Amino acid sequence: MNWNFQNSYTELPDIYYSNVTPEDYANPKLLLFNNDLANELNLNFSNNEAEICNYLLGKNIKSNKFFSQAYAGHQFGNFTILGDGRAIFLGEHVNNKKRFDIQLKGSGKTPYSRNGDGKATLGSMIREYLVSEAMHYLNIPTTRALAVIITGEKVLRDRFEPGAILVRVAKSHIRVGTFQFGSLLKKRNEFDSLIEYTINRLYPELTNEINKYLHLFEKICKLQINLIINWMRVGFIHGVMNTDNMSLSGETIDYGPCAYLDQYNPKKVFSSIDKIGRYSFENQPKIALWNLARFAETILHLIDSNEKKAVKIVEEILLNYKKYFDLNWNLMMSKKLHLDFNNENENIIKEFLDLMHIYKLDYTNTFLELENNSLDKNIFEKWICKYNKLKFKKNTKINPNIIPRNHIIEKIIKDSYSNNYDLLYEFEKVIKQPYSNNDNKFKIPPSDSEKVYQTFCGT
Ligand code: AMP
Ligand code: MG
């Protein structure tokens, strides 16, 4: 089938979205098309590139109304009214009773563009395609990438760059920031329709629960903390954990200044605008809880009519999720070290990470060296003695061989800008087997000259 759009979001009060039309591009070029995902969505487009582009850009859709979402958010702690400044929904594609948002990112201005041009650079869309797909194959919830289309237009950043559109697929794009926007309006009916919509769409099993709003909050907390633990398992730094970039579906969303750790450093920050390390590797769980508190603020009145009581309930839940994180982080790390779980594992885990930090070792590869018995004896001798006295439990598929390292992504982007896509197409296949592919070319950490020190937003 082709698209099976059945939009539900536009049944919400119209303050939550605006109808928009994607810009027309004379000669769009299909750079990346995710056949596996297209099959999962039961999409059978023809093999004709121009026709696929037409479908992906919504040209063949007559009756559908495209729209962009309104939202707000705390960006680096400051509250702002935002909205899809460069994203347009083609619609909600329904397949096998599952609903997927199909969104074009970088397709042109919307009423929420503020001072932006509504466009995206080819480099940043290639990055999102590869990193989000890698995330999926690392078994971590994420939005997916169906395609990257080169628009043929140049977009101005520090210099002119080729423009591109990413076709993004998500369970939903409702964010903490959507609720912040809804609660800002102070109109009870309009807020209630958003929360009921969210429960019906994402967590229908909660519909008949007695305090379903509290259950929703706990569910979101659990999904987010699990997500952060998964990010930390593979060394991922999101880089811009603003409340508008936290999805209620529990999927990783928005691959802007994100990056994976090479050398282990818990304080590592890549984003050029994150001067104080707010979104550093080790700060991610704290920030997730901070964002969750912002979400809770919007639904306090539904948790208990007595505000003080509601705050107390929320605080207790957040405290429990702090404990939940500590316990499950320990569990995840024990698995990475193939240790039988025990609360006391914390010491051996910390010592392992400290050695990695002090000796500037590669996060991904050091876990693999442990598995291969090839840890540097000079560094780990004492640690290995302690480790060998513990109980083991072999876990498979926990430590990836291959992550999308920054220097590889940068090289792919640089090559692409000279119309050389060989490495891009090679790596697109490699990321599908992060636990079994052993290609050294993608396992070697960057040399000093290849290291990426900073990543940039506003892409
Ligand atoms: P992000 O950091 O990608 O979450 O973006 C933050 C906000 O800025 C979102 O509301 C985006 O839609 C908007 N934005 C980012 N880049 C652009 C752009 N080039 N033009 C218009 N809006 C943008
Ligand atoms: Mg965003």
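Whatever order the structure lists them in is the order used to number ligands and atoms, beginning at 1. None of these values were measured; they are calculated from a predicted model.
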Take every heavy atom of A87, measure it against each atom of ligand 1, and state whether any distance is under 4.0 Å. no
Within less than 4.0 angstrom of ligand 1, does G256 place any heavy atom? no
Please report whether the ring centroid of Y9 lies less than 6.0 Å from that of Y197. yes
Option of least heavy-atom distance to atom 13 (C) of ligand 1 (set: R86, R114, Q69): R114
Closest candidate by heavy atom, reference atom 21 (C) of ligand 1, pool G85, G73, S271: G85
Taking all heavy atoms of A145 and all of N34, pick out the closest pair and write down the distance. O-ND2, 2.9 Å
Looking only at heavy atoms, what is the nearest atom pair of F79 and L184, with distance? CE2-CD1, 3.8 Å
At a threshold of 2.8 Å, where the distance has to be below it, does the Mg ion (ligand 2) have an N, O or S atom of N242 nearby? no
Does any N, O or S atom of D254, backbone or side chain, fall under 2.8 Å from the Mg ion (ligand 2)? yes
Does ligand 1 have a heavy atom under 4.0 Å from the side chain of [X], from its backbone, from both, or from neither?
X    : value
K109 : neither
R157 : side chain
Y112 : neither
N242 : neither

Would one find an N or O of L82, backbone or side chain, under 3.5 Å from an N or O of ligand 1? no
Say you draw a straight line from NZ of K59 to CD of E51; how long is it, rounded to the nearest 0.5 Å? 13.0 Å
To the nearest 0.5 Å, what is the distance between CD1 on I229 and CZ on F325? 5.5 Å
Regarding Q69 and T178, do their side chains bring together a donor and an acceptor under 3.5 Å, going by distance alone? no
Out of all atoms in ligand 1, which are within 4.0 Å of some heavy atom of G118? Include the element for each. 18 (C), 19 (N), 20 (N), 21 (C)
Measure from the side-chain N and O atoms of N420 to the backbone N and O of D415, and report whether any donor-acceptor pair falls under 3.5 Å. no
